[in-house]
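As structure tokens, the structure follows; a few thoughts come after it.
Just so you know, residue 1 is the first one in the sequence shown, and it goes up from there.
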Amino acid sequence: MSPRRLAEPRMQPATFAFTAENDVWAKGQIARYPEGRQASAVIPLLWRAQEQASGWLPQKAIEHVADILGMARIRVLEVATFYTMFNLEPVGKFHVQLCGTTPCMLRGADELRKICHRRIGEQLHVTANGKFSWVEVECLGACVNAPMTQINYDYYEDLNPEIFEKILDEMAAGRVPKPGPQIDRQMSAPILGRTTLNDPSIYEDRTRKLESELKAAAEKAAAEKAAAEKAAAEKAATEKAAAEKAAAEKAAAEKAAAEKAAAEKAAAEKAAVEKAAAEKAAAEPEAKAAPDPMPTAAIAEEHVSDEHKPELLSKARDGKADDLKLIWGVGPKLETMLHAMGVFHFDQIATWTDMNLRWVDQNLTGFKGRAVRDKWVEQAAKLATGWRPASGIGDRPKE
């Protein structure tokens with residue numbers, strides 16, 4: 001390989017620096033390497049510098065990369081001159097790298113080289129319109145597809161003079177031809193098609209057997225899976241049904257127990273009410289027959305002055321009145337009348353004098369004589385001690 005030197009000073013730009021975007025990219029590349037190993041990023045940075053400089057590496061670009069990496073400039077120059085992928089002189093818009101190694105030469109690369117001389121000129125010469133330059137390079141690794149060339153980043157393979165001329169024509173017209181093999185074959189497959197192992201019988205039975213085995217295995221696995229899913233679903237359904245049945249039976253038992261308890265409670269309450277009513281009904285005739293301390297007519301005719309009015313309250317103490325219906329002979333209506341009068345508590349009634357009692361009796365419209373006859377003072381005194389009657393209607397006082 002001939003020595004590689006930098007372009008003449010007249011071709012060199014005065015300065016070079018990465019663009020802001022490329023500078024960010026370069027810092028990202030350097031950060032991939034541990035401290036003290038930043039020089040490992042020299043090749044990718046040189047490559048990005050070559051891309052920024054329109055396909056070649058000026059001296060200032062090499063120096064700029066060396067400064068960024070903290071390397072001696074000669075060391076970066078050694079890298080740039082060693083690898084032929086770095087172009088040390090300006091190149092055309094379409095830079096043709098023609099492979100000149102033995103496989104390509106045996107298949108016509110020399111004819112392609114003549115076309116490059118005729119259409120472009122000497123190696124590394126850039127055409128006047130700036131579109132083309134070329135150089136002969138070592139093996140590009142596509143020997144099966146010889147002869148071939150790399151133009152910029154793309155490979156063009158299986159070339160002949162006519163095809164190569166058409167590719168250059170397309171590029172001259174501003175179009176980029178489809179890269180890869182230029183004949184009817186896939187990648188690097190044989191040009192004449194497969195030449196060995198072509199007999200289908202070699203692997204037909206094996207293929208069919210394998211397909212049959214795979215199909216049977218897949219069907220078996222699918223059947224086992226379906227059976228397992230069905231069994232799981234049936235088990236889940238059975239367990240759900242059993243749980244629902246148990247829940248329903250429990251709910252029914254609880255409902256029946258609640259209904260029974262409610263019925264028993266209602267019956268007990270009804271019996272208690274009926275018993276109390278019967279006792280009251282049985283007692284009323286006797287109460288009516290019992291002689292009054294003073295005949296009702298006499299009480300009705302007697303006039304007791306307000307000086308005998310007992311102590312009355314504007315409202316119940318602590319906002320809670322005693323249940324005056326526990327006094328024998330006092331029903332809801334009489335209790336309401338007493339509340340309106342200012343009577344709310346047993347101990348309040350228990351303190352009444354005989355004249356207090358007669359004054360109250362006198363003011364019980366529609367029930368005059370009741371307080372005296374039913375001995376409210378005696379009953380209230382007993383109730384004020386905390387005693388309570390067995391029934392909810394009080395105990396009939398004894399004669």
Side-chain angles (χ1 to χ4, degrees), residues 24-25 28-34 37 40-41 43-44 47-48 51 83 85 97 99 101-104 106-108 138-160 163 166-167 170 175-259:
V24 172
W25 178 88
Q29 292 296 310
I30 296 171
R32 294 182 176 183
Y33 302 97
R37 299 288 183 177
S40 299
I43 289 179
W47 186 257
R48 182 57 66 96
E51 289 181 331
Y83 292 102
M85 66 182 186
Q97 299 179 70
C99 180
T101 47
T102 303
C104 285
L106 290 174
R107 291 186 55 82
E138 296 302 317
C139 181
L140 291 171
C143 304
V144 174
N145 301 75
M148 58 82 60
T149 182
Q150 179 182 346
I151 303 179
N152 295 347
Y153 296 115
D154 296 319
Y155 276 16
Y156 293 87
E157 306 159 355
D158 296 309
L159 301 175
N160 58 39
I163 293 173
K166 288 181 179 179
I167 290 174
E170 287 286 296
R175 296 184 292 270
V176 179
K178 180 181 179 181
Q182 302 298 305
I183 62 175
D184 186 20
R185 73 162 163 182
Q186 181 183 15
M187 302 299 183
S188 298
I191 296 176
L192 301 178
R194 184 183 292 168
T195 58
T196 60
L197 303 176
N198 288 331
D199 186 358
S201 64
I202 295 175
Y203 40 83
E204 180 179 5
D205 292 340
R206 180 185 174 187
T207 301
R208 290 180 179 176
K209 181 179 179 181
L210 180 61
E211 289 177 350
S212 178
E213 291 175 350
L214 291 174
K215 182 180 179 181
E219 290 175 349
K220 181 181 179 182
E224 291 176 348
K225 180 181 179 181
E229 290 176 348
K230 181 180 179 181
E234 290 176 350
K235 180 181 179 182
T238 301
E239 292 176 348
K240 181 180 179 182
E244 290 176 348
K245 181 180 179 182
E249 291 176 348
K250 180 180 179 182
E254 290 176 348
K255 182 180 178 182
E259 290 175 349

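Within the model, atoms CD1 of I183 and CD1 of I163 stand 7.5 Å from one another, a figure rounded to the nearest 0.5 Å.
The minimum heavy-atom distance linking M148 with E157 is given by the pair CB-CA, 3.9 Å. When all heavy atoms of C143 and C139 are compared, the pair lying nearest together is SG-SG, 3.7 Å. Smallest separation of non-hydrogen atoms from P181 and M187: CG-O, 3.3 Å. Residues E138 and C99 share a closest heavy-atom pair of O-SG, 4.2 Å. What you find for Q97 and L140 is that their closest heavy atoms are O-CD1, 3.8 Å. Taking both residues in full, the closest heavy atoms of Y156 and V176 are given as OH-CG1, 3.9 Å, listed atom of the first, atom of the second, then distance.
For residues 182-191, the set of pairs meeting the side chain to side chain donor-acceptor pair (under 3.5 Å) definition, not counting sequence neighbours, comprises N145-S188, D158-R185.
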Would you list the atom pairs, donor with acceptor, under 3.5 Å between side chains in residues 224-233 and any protein atom, with sequence neighbours excluded?
none

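Taking the side-chain contact (heavy atoms from CB on, under 4.5 Å) definition, one finds that R48 meets it with F18, N22, W25, E51, sequence neighbours left out. Taking the side-chain contact (heavy atoms from CB on, under 4.5 Å) definition, one finds that I43 meets it with V79, Y83, M85, F86, sequence neighbours left out. With sequence neighbours excluded, the residues satisfying side-chain hydrogen bond (donor to acceptor under 3.5 Å, both in side chains) with E170 are R175.
Side chain of E211 to backbone of E213: no donor-acceptor contact under 3.5 angstrom is found.
A 4.5 Å side-chain heavy-atom check between I167 and L159 finds at least one atom pair inside the cut-off.
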